[in-house]
Amino acid sequence: MVRFSLPKTSTEQPVAFRDAFLASQWLARQPQANVPVMLEALTREIDAFNHFALPTRERFKTLEALRRMVFTIGSESCRHFENKPLPLTADEQAVFLATSRLWRCCTLGYLYCLNACLEGEASLNGLAGKIAHRAITSLRMEQLCCYGAGSALGDHFWKELHAIYLAAEKLQVLSEFVRDPLPNETLESTLTGQYGMAILTHLADPYTLRHVHLLAILQWLSRWRELVTVQVPADTSFNNNAHSVVLDLSFPHDLARSNKDSATQRQISFDAIFRKIGKRIKALKGGASPEDLRLGKLVTSEVSIDLLGKLGARLYAPVLTPSRAATAMQPVEILCTLTDIYRLIGGTSTQENLPETSVARIKAERLAIFGHIADPGNLAPIVFETWQGALSADTTTTLNLQRAVNRPGKRLACGDLLGIRQTPDAELQLASVIRLSTQDGQIMVGAYFLAGKISPLTVEITEKISNATFRYPALLLTGSGNESQIILPTNALARVLRCRLYNGADSALLPLPFTPQSLIERHGDNERWQLGAPDAN
């Protein structure tokens, strides 16, 4: 039996509106261009409305009258916290919580209506498909809100997602197409498509993706979601097959409690989407552009191939929860900036040993701007952050890290560079942040170790237009073979005319005339290049 946890209602609760007409009048009196005020007002009044007892048909009509404004304010509010480093600031966190609560209130409002459909209320005849679709769409918007803020989904999410699916199945509206352009995805979709989209988005592991990459994947999945199939599994074992996952929708996170004869066990298959991904990867490698394949213009062909490959790998053997640490957490020391890592391994000030004219120019510019000259030798001490860490259960190249959100420390983004010392006397290791989220007051990080010996390096850049010369701290990664990589600040090579590499410890010009040749990856604060011999020209 499908059950929803809904607040009790009464006529004693004061509300600003109790029908669609009054809701429209109330909206007309609000400062609709003031997003923070509207976010607070909509959340407060819809929450009060959810506790007010009134006919279910009028409840649905009222929610529909408010829905367009809810989407507008919800979308605008997301700009204040999505694509930000973690942990969020106090102001960003407050906007996230308010926006998440707005979508939560909308979902609850539609769940009252869906519950009435299950009870056979005659006033909602013919509306069951639309109501179920509205409920799951609002829940999905809350899901995307959490991903944008890097926050774990609430405990209610999976329970309500699966309950809405089971309710729609009982009402026989799973395959009914509902027109709804507000999520800005497709003009119409089915309940099964929306349910599949929620699971597909989670399987894409948004906590590992840059914002633009997540937007690209959402664009692809919105076109493919109707290919998801959900059925009672023919095989009663709990082992997931390739391209599908078997869940007991009554216990989505606890398969140990599942019953092999459970009436709520379902197999969600992504086989058709997996084939779509394979065909597009093949076409992209053959020279087709993302636009030719209707993949949009958000990312390049190379990035599309990489994202499609990762998505296909996650759909081949899908799991809803990532692997956890294999061992108990131990204290780990972390450096979170390239400059501190550079200094720790022996790098000297990038202003030392510059030509006299360059030193004089830099001093003159600093004196003119700041009124004083900073002493480059008077640097702040290098301070490690203390985290808790343990190796991932399925690999020795990934370290799971966590610390309390309210502890002081650098805010992180996916791709940030870390210097990691697993014990105080251990050798420093470089790692890149590949997964980032917050949960239960903790910031959770997955860090992938970069192989190779670390050496300090100074990169001297002469710009094309100004002919000015700058020096940046960098790191050299030397592998077991002849391959070497260099890590330096993002966009340091954006306007380069000439590039020279110096030993970071003694500022001596490197004997081998090697130069950054091909970009491996670029992130918010660093980029990694493959080193190679310069062109003969």
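- The residues K410 and D416 are annotated as salt-bridged, a charged nitrogen and a carboxylate oxygen being separated by less than 4.0 angstrom.
- Ion pairing between a basic and an acidic side chain is recognised when a charged N comes within 4.0 Å of a carboxylate O; E169 and R266 show such pairing.
- Here the side chains of K170 and L118 are in contact, with some heavy-atom distance below 4.5 Å.
- Under a cutoff of 6.0 Å and an axis angle of 45°, R435 and Y207 do not form a cation-pi pair.
- Using a 4.5 Å cut-off on side-chain heavy atoms (C-beta onward), Y165 and V230 make contact.
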Next item on the list: I would like to know whether R407 and E385 meet salt bridge (Lys or Arg N to Asp or Glu O under 4.0 Å); could you show each step before the answer?
Entry: CA-CA 10 Å; R407 287 191 60 183; E385 295 182 19; over 6 Å; no

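- Taking 4.0 Å as the cut-off between side-chain N and carboxylate O, R101 and E40 do not count as a salt-bridged pair.
- In this structure, a donor-acceptor pair under 3.5 Å is present between the side chains of T264 and D248.
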Next item on the list: Check step by step if side chain to side chain contact (heavy atoms under 4.5 Å, CB included) holds for L338 and D525.
Entry: CA-CA 8 Å; L338 187 150; D525 67 350; over 6 Å; no

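- Looking at C336 and L412, their side chains come closer than 4.5 Å, going by heavy atoms from C-beta outward.
- Interatomic distance, S432 OG to F449 CZ, rounded to the nearest 0.5 Å: 12.0 Å.
- Side-chain atoms of R403 and Q388 include no donor-acceptor pair closer than 3.5 Å.
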Note to self: Assess the residue pair L200 and L315 against the criterion (side chain to side chain contact (heavy atoms under 4.5 Å, CB included)); give the C-alpha distance rounded to whole Å, side-chain angles, the decisive distance to 0.1 Å, and a yes or no.
What the structure shows: CA-CA 8 Å; L200 283 167; L315 296 187; 3.7 Å; yes

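- The pair K159-D155 does not meet the salt-bridge criterion, since no charged nitrogen lies less than 4.0 angstrom from a carboxylate oxygen.
- With hydrogens and angles left out, the side-chain atoms of E12 and S10 include no donor and acceptor closer than 3.5 Å.
- Using a distance-only test at 3.5 Å, with no hydrogens or angles considered, no donor-acceptor pair links the side chain of E160 to the main chain of F4.
- Between E92 and R411 there is a salt bridge, since a side-chain N of the basic residue sits under 4.0 Å from a carboxylate O of the acidic one.
- Counting only distance, with no hydrogens or angles, the side chain of H202 and the backbone of A198 share no donor-acceptor pair below 3.5 Å.
- Ion pairing of E188 with R179 is absent here, as no side-chain N (NZ or NE/NH1/NH2) approaches a carboxylate O to less than 4.0 Å.
- For W103, the ring pair (Phe, Tyr, Trp, His ring centres under 6.0 Å) partners are F71, not counting sequence neighbours.
- In this structure, N491 places its CG atom where more than 12 heavy-atom neighbours from other residues, nucleotides or ligands lie under 6.0 Å away.
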Notebook entry, point to check: Going through the checks in order, is the salt bridge (Lys or Arg N to Asp or Glu O under 4.0 Å) test met by R134 and E64?
Noted result: CA-CA 9 Å; R134 293 290 197 259; E64 290 293 280; 2.9 Å; yes

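- The closest donor-acceptor contact from the side chain of N125 to the backbone of A122 lies under 3.5 Å.
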Checklist line | Residues Y195, H162; criterion ring pair (Phe, Tyr, Trp, His ring centres under 6.0 Å); working and verdict | finding: CA-CA 8 Å; Y195 176 75; H162 299 313; 5.7 Å; yes

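- Residues E291 and K297 are not paired through a salt bridge, judged by the lack of any N-O separation under 4.0 Å between the basic side chain and the carboxylate.
- At least one side-chain heavy atom of E527 sits less than 4.5 Å from a side-chain heavy atom of L519.
- A salt bridge between R18 and E58 is absent, with no side-chain N of the basic residue lying under 4.0 Å from a carboxylate O of the acidic one.
- Between E82 and R79 no salt bridge is recorded (no basic side-chain N to carboxylate O distance below 4.0 Å).
- Using a 4.5 Å cut-off on side-chain heavy atoms (C-beta onward), Q265 and P233 make contact.
- Surrounding NZ of K282 are at most 12 heavy atoms belonging to other residues, nucleotides or ligands under 6.0 Å away.
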Margin query: Please determine whether salt bridge (Lys or Arg N to Asp or Glu O under 4.0 Å) holds for the pair D292 and R280, giving the CA-CA distance in whole Å, both sets of side-chain angles, and the decisive distance to 0.1 Å.
Written below: CA-CA 10 Å; D292 295 337; R280 275 153 180 76; over 6 Å; no

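- Classified by interplanar angle (parallel below 30°, tilted 30° to 60°, perpendicular above 60°), the ring pair F17/F49 is tilted.
- Side-chain atoms of S151 never come within 3.5 Å of backbone atoms of Y147 as a donor-acceptor pair (strictly under, hydrogens ignored).
- Using a 30° and 60° split on the angle between ring planes, H243 and F274 fall in the parallel class, below 30°.
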Next item on the list: Under the salt bridge (Lys or Arg N to Asp or Glu O under 4.0 Å) rule, what do K285 and E302 come out as? Steps first, then yes or no, please.
Entry: CA-CA 9 Å; K285 289 182 177 179; E302 292 77 9; over 6 Å; no

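- With hydrogens and angles ignored, the 3.5 Å screen pairs no side-chain donor or acceptor of T190 with any backbone N or O of S175.
- When side chains are defined from C-beta on, V445 does not count as touching I434, because their heavy atoms never get closer than 4.5 Å.
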